[in-house]
*Asks:* 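Here it is: the structure, laid out below.
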Amino acid sequence: MGLAGIFIDYENIHYYLNSEYQNPPEIGNYAQIILRSLREFYEEDNLSAIVMNAYADFERLGSGAMSTLYLMGILTKNVLGTEHKNAADMQMCIDILETMYSRKDINHYLIVAGDRDYIPVVQHLRRQGKIIKVAAFRKSVSGDLLEIIGKENFIELEQHIPEESMESLNEHLDELFRNPVENGISKNINLKIKGRINLPEDSKRIVPNQSPSPKKIEPVVSSLEEMHHKFLRLILEYIDTSNYAEPGMGPLLRHITDYTHELPNWERKHILETLRQKGVINIVQKDLGYEFPISVVQLNRDHPMYFEI
């Protein structure tokens, strides 16, 4: 039986779930379910994980994650960070290298992280003859890290979200963005609501048939310009089906992903940023009364590209 070390960038998991599913309730429970499934899957290869560390600013994340991870046999390491900066990566890299030099008997390493910051430590482990796998969300993993590690050594965390948990997460998104909002009051009582939500007029549901139906999405796109048009058609399609003039970035990106599996997540975001710079769309943060501001997409219907399609 081989000996293994598992090093978990817990903030990476937490912030992905928070961003992708718009701050779901009991977010820590979903993270722990993923890690439990991942550990069982990894140990099926006749490996014994004798070192399991998770890194985050746990005091800021809250949700009782430290005690639950401890009961799973995972040592938590609290590292100070800021609201917008992952604090785990540097300490995690240091501990991986320290383990490599102090525990020569550990030959297998699982790095649960998707940032390109981990590329140097992955390369160093390989030079020392270690076997490395990386586990991360496919939508957020760095393309450079994926290329370095190789697809055969990459584990998709999406595959470790049970069906019932995925249904619960998607139901949360549906309630957040697709339920009718009447008289400026949210019908969702499961989230932390500050109180009455007075939506601006341009954020309310649009009248059906107010915007033209999007053209049929072509299956093959050969040029960058055509890709930009494809993304704009997907945005129009989502606005038309959701009946929101300003859709949330999370659900919109999920809709776009369904039609652009060939693209890495960073390229989808790059195309959206290009459309923003061209003035086709605008991406703004809006406080709609939930715990965190929400990124919404505003469509410029006066832009020439809009009339082209």
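These numbers come from the heavy atoms of this one structure, side chains and all, not from hydrogens, waters or symmetry mates.
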*Asks:* I want to check something: taking the side chain as every heavy atom from C-beta on, are F137 and I34 in contact at a cut-off of under 4.5 Å?
*Replies:* yes

*Asks:* Could you tell me the separation between the CG atom of N29 and the CG atom of L17, rounded to the nearest 0.5 Å?
*Replies:* 11.0 Å

*Asks:* Could you pull out the closest heavy-atom pair between D95 and N53, with the gap in Å?
*Replies:* OD2-ND2, 4.4 Å

*Asks:* Measure across G73 and M52 and return the closest heavy-atom pair with its distance rounded to 0.1 Å.
*Replies:* O-CE, 3.3 Å

*Asks:* When you compare the side chain of F231 with that of L275, does any pair of heavy atoms fall below 4.5 Å?
*Replies:* yes

*Asks:* Where is the tightest heavy-atom contact between A136 and A113, given as atom of each residue plus distance?
*Replies:* CB-O, 3.6 Å

*Asks:* In chain order, what residues pass the salt bridge (Lys or Arg N to Asp or Glu O under 4.0 Å) check against E167, with sequence neighbours excluded?
*Replies:* none

*Asks:* I'd like to check the side chain to side chain contact (heavy atoms under 4.5 Å, CB included) partners of R126; sequence neighbours left out, ordered by chain and number.
*Replies:* I132, I148, I149, N153

*Asks:* Step by step, would you call L232 with E308 a side chain to side chain contact (heavy atoms under 4.5 Å, CB included)?
*Replies:* CA-CA 10 Å; L232 182 53; E308 288 176 10; over 6 Å; no

*Asks:* Do you reckon Y70 sits in the same ILVMFWY cluster as I13, going by side-chain contacts under 4.5 Å, direct or chained?
*Replies:* no

*Asks:* With distance as the sole test, does S165 use its side chain to make a donor-acceptor pair with the main-chain N or O of I161 at under 3.5 Å?
*Replies:* no

*Asks:* Does E163 CD have over 12 foreign heavy atoms under 6.0 Å away?
*Replies:* no

*Asks:* Let's go through I6 and I111 carefully: what are the C-alpha distance in whole Å and the side-chain angles of both, what is the deciding distance for side chain to side chain contact (heavy atoms under 4.5 Å, CB included) to 0.1 Å, and is it a yes or a no?
*Replies:* CA-CA 6 Å; I6 300 178; I111 299 175; over 6 Å; no

*Asks:* Could you tell me whether E20 and R254 make a salt bridge, using a distance below 4.0 angstrom between a side-chain N and a carboxylate O?
*Replies:* no

*Asks:* Given the rule that I, L, V, M, F, W and Y join up when any side-chain heavy atoms are under 4.5 Å apart, are L75 and V79 in one cluster?
*Replies:* no

*Asks:* Given side chain to side chain contact (heavy atoms under 4.5 Å, CB included), test R138 with F154 step by step and report yes or no.
*Replies:* CA-CA 9 Å; R138 184 63 182 85; F154 176 65; 3.7 Å; yes

*Asks:* Would you say the side chain of Y42 lies within less than 4.5 Å of the side chain of H108, judging by non-hydrogen atoms?
*Replies:* yes

*Asks:* Determine whether E158 and K139 make a side-chain contact, defined as any pair of heavy atoms from C-beta on separated by less than 4.5 Å.
*Replies:* yes

*Asks:* Does S142 use its side chain to pair, donor to acceptor, with the backbone of D144 at less than 3.5 Å?
*Replies:* yes

*Asks:* Report yes or no: do I33 and L71 belong to one cluster of Ile/Leu/Val/Met/Phe/Trp/Tyr joined by side chain heavy-atom distances under 4.5 Å?
*Replies:* no

*Asks:* Parallel, tilted or perpendicular: which describes the rings of F7 and Y109, with under 30° parallel and over 60° perpendicular?
*Replies:* parallel

*Asks:* Under 3.5 Å, is there a donor on one side chain and an acceptor on the other for Y30 and S168?
*Replies:* yes

*Asks:* Just by distance, no angles: are the side chains of Y21 and N170 close enough, under 3.5 Å, to form a donor-acceptor pair?
*Replies:* no

*Asks:* Can you name the nearest heavy-atom pair linking A65 to Q32, along with the distance?
*Replies:* CA-NE2, 3.7 Å

*Asks:* What pair of heavy atoms forms the shortest contact from I106 to A4, and how long is it?
*Replies:* CG2-C, 3.8 Å

*Asks:* Taking CD in Q277 as the centre, count heavy atoms belonging to other residues, nucleotides or ligands within less than 6.0 Å. Is the count above 12?
*Replies:* yes

*Asks:* Could you tell me the separation between the NE2 atom of H229 and the CG atom of L236, rounded to the nearest 0.5 Å?
*Replies:* 11.0 Å

*Asks:* Kindly say whether the aromatic ring centers of Y55 and Y10 come within a distance under 6.0 Å.
*Replies:* no

*Asks:* Taking the six-membered ring for Trp, are the ring centroids of Y259 and H255 within less than 6.0 Å of each other?
*Replies:* yes

*Asks:* Test of understanding: clusters of I, L, V, M, F, W, Y form through side-chain heavy atoms closer than 4.5 Å, transitively. Do I131 and L47 belong to the same one?
*Replies:* no

*Asks:* Rounded to the nearest 0.5 Å, what's the gap from CG on L272 to CG on L234? Could you check?
*Replies:* 9.5 Å

*Asks:* For the residue pair Y118 and D89, establish whether any side-chain heavy-atom pair is separated by less than 4.5 Å.
*Replies:* yes

*Asks:* On a heavy-atom basis, which atom in E11 and which in D57 lie closest, and how many Å separate them?
*Replies:* OE2-N, 2.7 Å

*Asks:* Decide yes or no for I281 and N300: does some side-chain heavy atom of the first lie under 4.5 Å from some side-chain heavy atom of the second?
*Replies:* no

*Asks:* From F58 CZ over to L69 CG, what is the distance, rounded to the nearest 0.5 angstrom?
*Replies:* 5.5 Å

*Asks:* If we only count heavy atoms from C-beta on, is the I27 to H14 side-chain gap below 4.5 Å?
*Replies:* yes

*Asks:* Could you go through the side chain to side chain contact (heavy atoms under 4.5 Å, CB included) check for V121 and M92 one step at a time?
*Replies:* CA-CA 10 Å; V121 75; M92 185 165 140; over 6 Å; no

*Asks:* For R39 and I74, indicate whether the former's side chain and the latter's backbone hold a donor-acceptor pair under 3.5 Å.
*Replies:* no

*Asks:* In Å and rounded to the nearest 0.5 Å, what is the OG to CG distance from S140 to D115?
*Replies:* 8.0 Å

*Asks:* Rounded to the nearest 0.5 Å, what separation is found between the CZ atom of F41 and the CG atom of L110?
*Replies:* 10.0 Å

*Asks:* Any chance the side chains of K278 and H303 put a donor and an acceptor closer than 3.5 Å?
*Replies:* no

*Asks:* Do V296 and M249 come within less than 4.5 Å of each other through their side chains, counting heavy atoms only?
*Replies:* no

*Asks:* Determine whether V134 and M100 fall in the same hydrophobic cluster, where Ile, Leu, Val, Met, Phe, Trp and Tyr are linked whenever their side-chain heavy atoms lie under 4.5 Å apart.
*Replies:* yes

